[in-house]
Asker: 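Here it is, the structure, as structure tokens.
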Number of protein chains: 2
Amino acid sequence: MARSSDKRERLLDAARTLFHTQGFAQTTLADISAASGVPLGNVYYYFKTKDELVEAVAADHEAQFQQFVEELEAAEPSPKGRLLRYLATIHEQRDSLKSHGCPVGTLCLELAKAGAATAEKADAVLRLKFDWLEAQFRAMGRDDASFLTERLLASLQGSALLANALNDCDIICRNLHWSRQWVEAL
Amino acid sequence: MARSSDKRERLLDAARTLFHTQGFAQTTLADISAASGVPLGNVYYYFKTKDELVEAVAADHEAQFQQFVEELEAAEPSPKGRLLRYLATIHEQRDSLKSHGCPVGTLCLELAKAGAATAEKADAVLRLKFDWLEAQFRAMGRDDASFLTERLLASLQGSALLANALNDCDIICRNLHWSRQWVEAL
DNA sequence: GTCTATATAATGATAGAC
DNA sequence: GTCTATCATTATATAGAC
């Protein structure tokens, strides 16, 4: 019938996963086709170009984070408690972060190097996270909220990179443990 | 004559620069050929494959760091002074770090995602830096030298990534300023 | 050692039947 | 909306003259 199937979502899921695990450049449309079960030629019905696909993936990361924030803010009124819960969710992703880095951070780096116009879409996701974290620090009464956010995000992104290169997940764990105490002491 | 010209070094320089600015996957051998002035077919006389080229680039990063360390250790006997000078050299590279990230860190990420065997060579460079930094902290009498190194390196790598994505070089500067005070207070 | 021409393979994208 | 077949391009790599 005329109603669109779930093919678009399956393509998006496959692309998001493969861009994370293999990188954008290394992932071919044939890979995405195979992983999603959507024939290669049909991919272009949903996404006219590979760039359009990665923009949709970035938008998906953004939507997922916004949904995460909504649920978190509904469940936890205290900004400090929200930050601690945020760190807890990152801890849950530690294995994936160690194996492939941050899905958003590594995508930003790769698209920036490619000189792609799509880099802005990925950067916007990171900025969204930045702004939300900053808002929490500000709600805690810190007027150095921006700087605190820089330190926290840099520490998270950097420890994911180090854990990946040095093949040691504990680097993420130790950093998160330290960050948690740091937030609690603020 | 039979003696090898400087072509190999010109190829290596071009590759190191292009892998940093464009990424490994986005850089074609034609790019390297054009940037170095060495005809495409001749590239293969010096490097049989693209993988061999990136291994040589990683080895070059390693050699450069080792030379930097030698000079630094000769000029500065104090481990704390060495760390502060190390931070100063990073500050000099701030524009490049903001535009393209850390040449070693981003290469590690990209090769890891590509699943390339060459990733180990890049990882070894980062590990070398890790070990040297750790040795300085240890020489300062810190038995938590490894953890301090993790925090410092993660902070440096992460702030380069953030500066790149958020297009703000000051993120690196503020982080370095903070790291300098942190080292001084140890 | 050097370089031109080209083989080979892979990939993004399209045409067009159904 | 779906899918097969294929085009056009690009990239790694090689062959072989000089």
Side-chain angles (χ1 to χ4, degrees), chain A residues 1-58 107 110-111 113-119 121-122, chain B residues 1-58 107 110-111 113-119 121-122:
Chain A
M1 63 177 89
R3 181 168 46 82
S4 174
S5 68
D6 62 342
K7 284 194 171 65
R8 192 193 143 92
E9 196 170 356
R10 297 216 318 269
L11 284 168
L12 210 49
D13 283 348
R16 194 187 51 223
T17 300
L18 288 169
F19 290 165
H20 182 207
T21 56
Q22 303 186 348
F24 175 69
Q26 300 286 336
T27 300
T28 68
L29 293 173
D31 290 337
I32 296 170
S33 164
S36 64
V38 177
L40 180 57
N42 202 3
V43 172
Y44 292 91
Y45 176 77
Y46 295 96
F47 301 98
K48 277 192 272 293
T49 65
K50 197 183 178 188
D51 277 350
E52 206 169 287
L53 234 179
V54 77
E55 284 197 14
V57 166
L107 188 62
E110 191 174 2
L111 295 180
K113 295 213 184 209
T118 50
K121 305 277 183 178
Chain B
M1 64 179 91
R3 181 168 47 80
S4 173
S5 68
D6 62 341
K7 285 194 170 64
R8 192 193 143 92
E9 196 170 357
R10 296 215 321 267
L11 284 168
L12 210 48
D13 283 349
R16 194 187 49 224
T17 301
L18 287 169
F19 289 166
H20 182 207
T21 57
Q22 303 185 348
F24 175 69
Q26 301 286 335
T27 300
T28 68
L29 294 173
D31 289 338
I32 296 169
S33 164
S36 63
V38 177
L40 180 57
N42 202 3
V43 172
Y44 291 90
Y45 176 77
Y46 295 96
F47 302 97
K48 279 192 269 293
T49 64
K50 196 184 178 188
D51 278 350
E52 206 169 288
L53 235 179
V54 77
E55 284 196 13
V57 165
L107 188 62
E110 190 174 3
L111 295 180
K113 295 212 182 207
T118 50
K121 305 277 183 177

Asker: Just to confirm, is there a sub-4.0 Å distance from OP1 or OP2 of D:dG1 to any side-chain nitrogen or oxygen of A:K7?
Answerer: no
Asker: How many whole angstroms separate atom OH of A:Y46 from atom P of C:dA13?
Answerer: 18 Å
Asker: Sequence neighbours left out, what passes side-chain hydrogen bond (donor to acceptor under 3.5 Å, both in side chains) with B:T118? Give chain and number order.
Answerer: none
Asker: Is there side-chain contact between A:Y44 and A:L29, with at least one heavy-atom pair below 4.5 Å?
Answerer: yes
Asker: Return the set of residues passing side-chain hydrogen bond (donor to acceptor under 3.5 Å, both in side chains) with A:Q22 (not counting sequence neighbours), or none when no residue passes.
Answerer: A:T27
Asker: Side-chain N or O of B:Y45 versus OP1/OP2 of C:dT2: is the shortest distance under 4.0 Å?
Answerer: no
Asker: Quick one: are A:F24 and A:K50 in side-chain contact, heavy atoms under 4.5 Å?
Answerer: yes
Asker: At under 4.0 Å between heavy atoms, how does the protein contact nucleotides 11-18 of chain D? Give one character per nucleotide, 5' to 3', with B, S or -.
Answerer: SSBB----
Asker: Only one of B:V57, B:L107, B:L11, B:L53 clears side-chain contact (heavy atoms from CB on, under 4.5 Å) with B:R16; which?
Answerer: B:V57
Asker: Could you state the atom-to-atom distance from CZ of A:F47 to P of C:dT14 in whole Å?
Answerer: 16 Å
Asker: Any side-chain heavy atom of A:L111 within less than 4.5 Å of one from A:V54?
Answerer: yes
